Number of protein chains: 2
Amino acid sequence: MVAKNSPTPLPGSCAACAVRPFALFRVVPQARVGEIARVRSAVRLVRANEAIRDSVFTLYAGWAFSWTTTPDGRRQILDFHLPGDLVERSEDGAEVSALTDVSFCVLAKDRLCEFMGRDPGLALSYADGLVRDRARLRERLTSLGRRDALGRVSHLLLELHGRLARRGGADRSGAPLPLKQAHLADALGLSVEHANRALAVLRRDGVASFQKGRLDLLDRTAMEELAGWSTAPAPPVLTRVGA
Amino acid sequence: MVAKNSPTPLPGSCAACAVRPFALFRVVPQARVGEIARVRSAVRLVRANEAIRDSVFTLYAGWAFSWTTTPDGRRQILDFHLPGDLVERSEDGAEVSALTDVSFCVLAKDRLCEFMGRDPGLALSYADGLVRDRARLRERLTSLGRRDALGRVSHLLLELHGRLARRGGADRSGAPLPLKQAHLADALGLSVEHANRALAVLRRDGVASFQKGRLDLLDRTAMEELAGWSTAPAPPVLTRVGA
DNA sequence: CGAGTTGTTGATAGTACTCAACTTGCGTGG
DNA sequence: CCACGCAAGTTGAGTACTATCAACAACTCG
């Protein structure tokens with residue numbers, strides 16, 4: 001249960017932060033990086049499968065996920081969080097857990113609000129992240145509402161691949177994905193067994209293979225077909241921050 | 001197909017706007033209402049079932065909804081929009097249609113961006129709306145992933161009732177809902193027939209009745225039980241704008 | 001080498017979909 | 001004023017997809 005080979009790196013100075021180009025603070029010019037440090041209230045490391053209690057943070061390394069549970073005890077995964085993502089806890093009864101070992105920068109709510117109140121660009125960067133979250137949730141809603149198991153699995157795998165690729169964490173043919181099949185199932189509203197069967201079909205048909213923490217895209221065209229993939233998500237309507 | 005009795009009211013002056021307390025511009029002090037008018041580029045009226053082409057607007061009267069369609073031609077409703085809601089079109093391939101006759105204020109993207117860039121409070125108000133959208137989508141994702149037809153229908157009806165109640169458009173025992181059963185079905189990932197059967201069960205068991213555009217909550221406790229209702233949604237973590 | 005977690009597979013039961021009528025309500029036009 | 005035409009709502013029968021239950025295999029960790 002403990003990290004073995006490569007220990008999870010801890011975030012260092014904001015000025016040299018590797019994930020900042022993808023993160024909330026990407027809009028802060030180099031000259032004002034010092035102001036960011038005053039918003040960061042702590043740096044933290046949490047082990048895989050542990051709950052994260054901090055309510056606002058920027059993920060630096062590793063994956064996390066948000067989830068709720070229905071009264072009858074079943075889990076619904078609401079979103080996966082990748083390095084650079086801003087994560088907010090408890091906007092409802094949802095919890096956030098570490099999927100792998102993770103490290104992140106905890107942000108002080110009040111100071112962040114104050115910063116955003118002073119810097120509209122930052123507030124818009126925040127809004128931009130929310131718009132992306134919303135777009136992703138809408139896609140997933142469409143999956144759960146109107147796609148069968150094969151389509152849902154294909155769609156989620158393509159989504160995760162795309163998000164990783166945008167951060168340089170994937171190449172065209174595949175990417176490392178630290179998920180278990182149970183995570184896929186709980187994100188897609190499927191039973192673990194059925195998610196497994198869908199993955200087996202993808203493998204059998206030479207479409208994609210997801211094994212041992214690695215996704216391989218064998219036939220992207222076929223996979224997009226199965227997923228009902230809708231080209232690339234368009235840029236947000238309002239907030240066009242950063243690159 | 002044409003409105004009969006009460007014609008849809010058109011938005012008038014921003015200063016006296018009835019929906020502004022619930023809308024994006026609620027944070028603009030009365031003294032600066034004039035600035036809002038410069039963001040409004042048009043006032044429009046669209047008939048029920050017609051598509052809305054404007055990409056950013058504040059709904060003033062009537063209901064609208066956002067939706068996509070899967071490659072095989074089935075519709076997924078992504079969200080319903082009520083008076084006061086800020087609606088953005090085409091952040092992806094989604095479309096927006098009028099559910100009833102609607103009237104709304106079209107906003108000029110560039111001028112709105114400029115306003116938000118000058119007024120962080122407004123940007124945060126925008127973010128606040130996005131956080132609410134996200135919370136709603138998460139709830140609905142949980143519905144589609146982990147609740148059966150009865151639970152989904154109950155949950156959506158409770159959600160809509162709550163949203164209306166917050167705007168003073170509903171009392172404790174019920175509310176007018178201009179939806180067809182097909183809208184419920186397409187929002188919940190159900191077939192029309194199955195949605196119909198779920199409604200029939202709610203009626204038979206004296207839980208709720210949804211007929212002729214009106215929802216009656218007959219046994220709220222039982223309904224919340226069915227829906228796996230999670231008390232009241234907590235306030236957003238970051239943006240605490242307005243009341 | 002166990003013990004537990006994760007992944008696989010098969011059989012069976014449910015829930016929800018599809019297809020096909022048929023009913024209601026309502027507006028138009030004869 | 002009533003017939004027709006449609007949209008929306010119902011109902012029933014049969015089918016398909018997915019969950020559940022139960023083993024069992026493969027792997028990881030200590």
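As the structure is a prediction and not an experimental result, all values here were calculated from the model. Proteins get letters first, then strands, A, B, ... in listed order; numbering begins at 1 in each.
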Could you tell me whether the side chain of B:P83 reaches within less than 4.5 Å of the side chain of B:F22, counting heavy atoms only? no
Enumerate the residues from residues 194-210 of chain A whose closest heavy atom to DNA chain D is under 4.0 Å, giving them by residue number; use none for an empty result. A:H194, A:R197
In whole angstrom, give the distance that lies between atom CG of A:D148 and atom C1' of D:dC17. 8 Å
Where the side chain of B:T100 meets the backbone of B:W63, is there a donor-acceptor pair that is under 3.5 Å apart? yes
A:L190 side chain, from C-beta outward: closest of D:dG9, C:dT15, D:dA19: D:dA19
How many Å lie between CZ on A:R152 and C1' on D:dT18, as a whole number? 9 Å
Whole-Å distance between C:dT6 P and A:R214 CZ? 21 Å
Between B:R75 (side chain only) and B:W67 (backbone N and O only), is there a donor and an acceptor less than 3.5 Å apart? no
Look at the side chain of A:T8 and the backbone N and O of A:V102, then say whether any donor-acceptor pair between them is shorter than 3.5 Å. no
Could you tell me the separation between the CD atom of B:E193 and the C1' atom of C:dT15, rounded to a whole number of Å? 14 Å
From CZ of B:R147 over to P of D:dA19, roughly how many Å is that when rounded to an integer? 16 Å
Check this one for me: any side-chain N or O of A:Q181 less than 4.0 Å away from OP1 or OP2 of C:dT5? no
Checking all strands, does A:G213 fall into the base, sugar-phosphate, or nothing category for heavy-atom contacts under 4.0 angstrom? nothing
More than 12 non-hydrogen atoms from neighbouring residues, nucleotides or ligands closer than 6.0 Å to CD on A:Q211, yes or no? yes
Could you check whether the rings of A:F80 and A:H183 sit parallel, tilted or perpendicular, using 30° and 60° as the cut-offs? perpendicular
Main-chain N/O of A:R147 paired with A:R152 side-chain donor or acceptor, under 3.5 Å: yes
Let me know the distance between CZ of A:R146 and P of C:dA16, rounded to the nearest Å. 13 Å
Most 5' of A:S191 and B:Q211 on DNA chain D, judged by nearest nucleotide: B:Q211
How many whole angstroms separate atom CG of B:L177 from atom P of D:dG9? 12 Å
Taken to the nearest whole Å, CG/A:N49 to C1'/D:dT28 is 14 Å
Would you check if there is a donor-acceptor pair between the side chains of A:R146 and A:T142 at a distance under 3.5 Å? no
Taking DNA chain D as the partner, which of residues 68-75 of chain A come within under 4.0 angstrom of it by heavy atom? A:R74
Taking 4.0 angstrom as the limit, do A:R138 and B:D79 come out as a salt bridge? no
